[in-house]
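Shown next, in structure tokens, is the structure this report addresses.
Counting starts at 1 for both ligands and their atoms, following the listed order. This one's a predicted model, so the numbers in the text were calculated from it and none came from an experiment.
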Amino acid sequence: MSATDEAQSQIPTLPASHSGIPTYLLEKAQRAKQAVFDTRTKGRNQRQRLPVVPQGIERDVFMQALSELKDELGEENVEINDKPLVDGWYMEHPNTHDMMTILDEEELVASAVVYPGSVEEVQKIVAWANKYLVPIFPISMGRNLGYGGAAPRVRGSVTIDLGRRMNKIIDINPEDYTCLVEPGVSFYALYEALKERGYDHMWVDTPDLGGGSIIGNTVDRGVGYTPYGDHWACHSGMEVVLPTGEVIRTGMGGLPGNNTWQCFPYGFGPYSDGIFSQSNFGIVTKMGMTLMPNPGGYESFMYTFPREEDLAPLIEIIRPLRIAQILENVAQLRHVAQSVAVLGRPRSEFYTGSGPVPFSILHEAASKSPIGDHTWAYYGMSYGPPEIRAHKLALVDSSFRKIPGARKIDPSTLPADDYFFSRDKIAAGIPDIHELRWVNWTPNGSHIAFSPVSPIRGTDATALFKLGKELHDKYNIDFFPAFIVGLREMHLIVEIVFDRANQTKKKEALDCLRELVHEAAKLGYGEYRTHLVLMDQVAGTYSWNEGAVGKFNEKLKDALDPNSILAPGRCGIWGRRYRGRGWEMGLGKEESEGHGVGVGFP
Ligand code: EUG
């Protein structure tokens, strides 16, 4: 595909493609795409490439093995990655590599992509991988943005793209408010299905961008913004193909003929679901999800706070209100840097200096924007009919106004395309694509996240803010912090936006992230989720009792996956064929590959 073709291709829509955009968002997506290609200067990948053969297998044996797999799955369901890498953009993303790569783009690439059409075919692929000792890397849809996208951790892995052919909504139960989905069902698709079937009484909880897989997001323990925002907590029941090929159903799914799989997540005995999230212990082929009842009314609210120092007292105000569920949803408290970036204009329109954009310039830009100047912007929602909301909103109002200079934004003063209305939709379970706007802050805009968790405390917020600001200044990077407030904790999400065509910027970003992870751990903070290149380091910070939990994970890994074929290195867990061979990445070791792999343990 030429660059022009890529820029001009039709954006796939639902239901024509499982990964497509709902028609209500098509126009917005077209504008987002235009902005991405308008700021793209990165040359196209010209490399004439052979498939990258994973370590541990000879090229000719590997090619032979791939043709054997073609015989099993059909020629069209095994794609060898021997063409130049095409980055695409959010809605037309690659499944061969990380389109927002922080390393050299040839580092974290797949050798081939395979498309199973059934659980049986997933089992066949697993048996094949065990036979030839080939690393396989399952993705649901590959939209794990900021954390590696579709890329495998081990170079030359065979990516299993589950979503392309396994994308059915198997069930929506309007009595129980539950559903059962396959890996290729996006938040967009589930939302559309509820509308089509006239199920107005049930809501989906969506992340900021709704194109991702419900299963993929949930097993990576992603967040959304209704009261059902903790996706992992809201799932119920999974079907998993183990690395040795057996299939299990968790929870009530173990009991033949049960009708409770999506209603009671635990079943009987050890609760095994946890080991299939953020791991490499199994391939999730079905998952149940609970749906939120339509609360019968809702109202978004937004407050701004003028000073950086307002952060600590504000967080102290938020905590008890959130725990008591007066603040009902997972809300975002965003810094002015993001308010400016999400306007969708490139950084160069505000500042052309080389260091981070001075805060004074951000304030000036914010003061010209519809919401006016501020340092912090809180986006929340109150649910229920007006008389129920009134009590909660009054409490929130009197509490937030204790911060001098707090302002409640009147939505009627905002233009229709203001970011506020995107948050409003998302907190009401209506997926959007608006959040992509800040990616165009730099040319070839890419992002990678630093995502520590803490209690909802002013001291923690301040410590993490200070650490982030200092290290961003040190590495010349604009600082974009947002606090995502869960029930008793908050995720601080710091997105580093970088130009992926600029080696210097990539190195600064990675160095900054390494130091952030390291310094945060010294203060006692850990990440809730991370990018492929940071997984070893982050896993290493969970080091209590000489890394006991890491050893426990290795024990599970070796028991469940004796040949270490499934997503080696994912979440910092390496099977025995890889251990002790220098595969781990970290400060001072940025090559993703190690020195060979061991023989199998049949
Ligand atoms: C966001 C982004 C994340 C995440 C949670 C929330 C929201 C950004 C890239 O990772 O893990 C506005």
Side-chain angles (χ1 to χ4, degrees), residues 32 90 93 98-102 141-151 187 205-214 216-226 228-233 277-278 302 329-344 376-380 419-420 422-427 431-441 445-454 464 468 478-487 489-498 509 513 516-517 520 525-535 538 571:
Y90 182 68
H93 67 289
D98 182 1
M99 68 173 167
M100 297 187 165
T101 188
I102 187 90
M141 293 176 69
R143 288 199 175 120
N144 200 10
L145 242 69
Y147 297 119
F187 295 93
D205 184 280
T206 179
D208 293 272
L209 295 168
S213 157
I214 296 170
N217 179 279
T218 303
V219 300
D220 218 38
R221 300 201 290 262
V223 301
Y225 300 95
T226 75
Y228 278 38
D230 179 347
H231 293 165
W232 181 254
S277 75
Q278 290 195 4
M302 174 182 186
N329 69 326
V330 175
Q332 285 198 4
L333 181 63
R334 293 164 72 106
H335 188 260
V336 62
Q338 273 169 322
S339 307
V340 173
V342 88
L343 296 170
W376 299 104
Y378 183 99
Y379 296 87
Y419 179 66
F420 172 88
S422 174
R423 288 249 69 87
D424 176 58
K425 284 203 292 177
I426 286 170
D432 204 355
I433 194 169
H434 201 113
E435 196 71 41
L436 272 184
R437 285 200 183 180
W438 49 256
V439 177
N440 302 313
W441 188 244
S446 304
H447 60 101
I448 180 167
F450 166 64
S451 320
V453 283
S454 76
L464 284 165
D478 290 319
F479 184 39
F480 294 114
F483 292 94
I484 315 259
V485 189
L487 194 50
E489 53 71 45
M490 53 193 187
H491 302 12
L492 167 60
I493 304 292
V494 177
E495 293 272 19
I496 296 186
V497 183
F498 62 96
L513 285 161
L516 280 166
V517 170
Y525 299 110
E527 285 70 59
Y528 95 104
R529 184 180 180 189
T530 203
H531 188 280
L532 291 171
V533 303
L534 298 169
M535 285 177 173
V538 167
C571 294

Give the contacting part of [X] toward ligand 1: side chain, backbone, both or neither, where contact means a heavy-atom distance below 4.0 Å.
X	result
H491	neither
R529	side chain
F480	neither

Could you check whether R423 makes a cation-pi contact with Y225, meaning its NZ or CZ is under 6.0 Å from the centre of the six-membered ring and within 45° of the ring axis? yes
Can you tell me which residue among D208, I493, V485 is in a side chain to side chain contact (heavy atoms under 4.5 Å, CB included) with Q332? D208
Among protein heavy atoms, which lies nearest [atom], and at what distance?
atom	value
atom 6 (C) of ligand 1	Y225 OH, 3.6 Å
atom 12 (C) of ligand 1	E435 OE2, 3.3 Å
atom 8 (C) of ligand 1	D208 OD2, 4.0 Å
atom 3 (C) of ligand 1	Y147 OH, 3.6 Å

For this output row, return yes or no: ring centroids of W438 and H447 closer than 6.0 angstrom. yes
Any non-hydrogen atom of E495 lying under 4.0 Å from ligand 1? yes
With a 4.0 Å cut-off on heavy atoms, is R334 in contact with ligand 1? yes
Smallest heavy-atom separation, M100 atom then G445 atom, equals CE-O, 3.9 Å
Less than 4.5 Å apart, side chain to side chain, heavy atoms only: is that true for F450 and I496? no
Any heavy-atom pair between the side chains of V533 and I102 that's under 4.5 Å? yes
If you measure every N or O of Y528 against every N or O of ligand 1, does any of those distances drop under 3.5 Å? yes
Electrostatic pair R334:E495 at N-O distance under 4.0 angstrom: no
Looking at Y528, is its backbone amide N or carbonyl O close enough to the side chain of Q278 to form a donor-acceptor pair, meaning the two atoms are under 3.5 Å apart? yes
Relative to the heavy atoms of L145, which atoms of ligand 1 are at a distance of less than 4.0 Å? 9 (C)
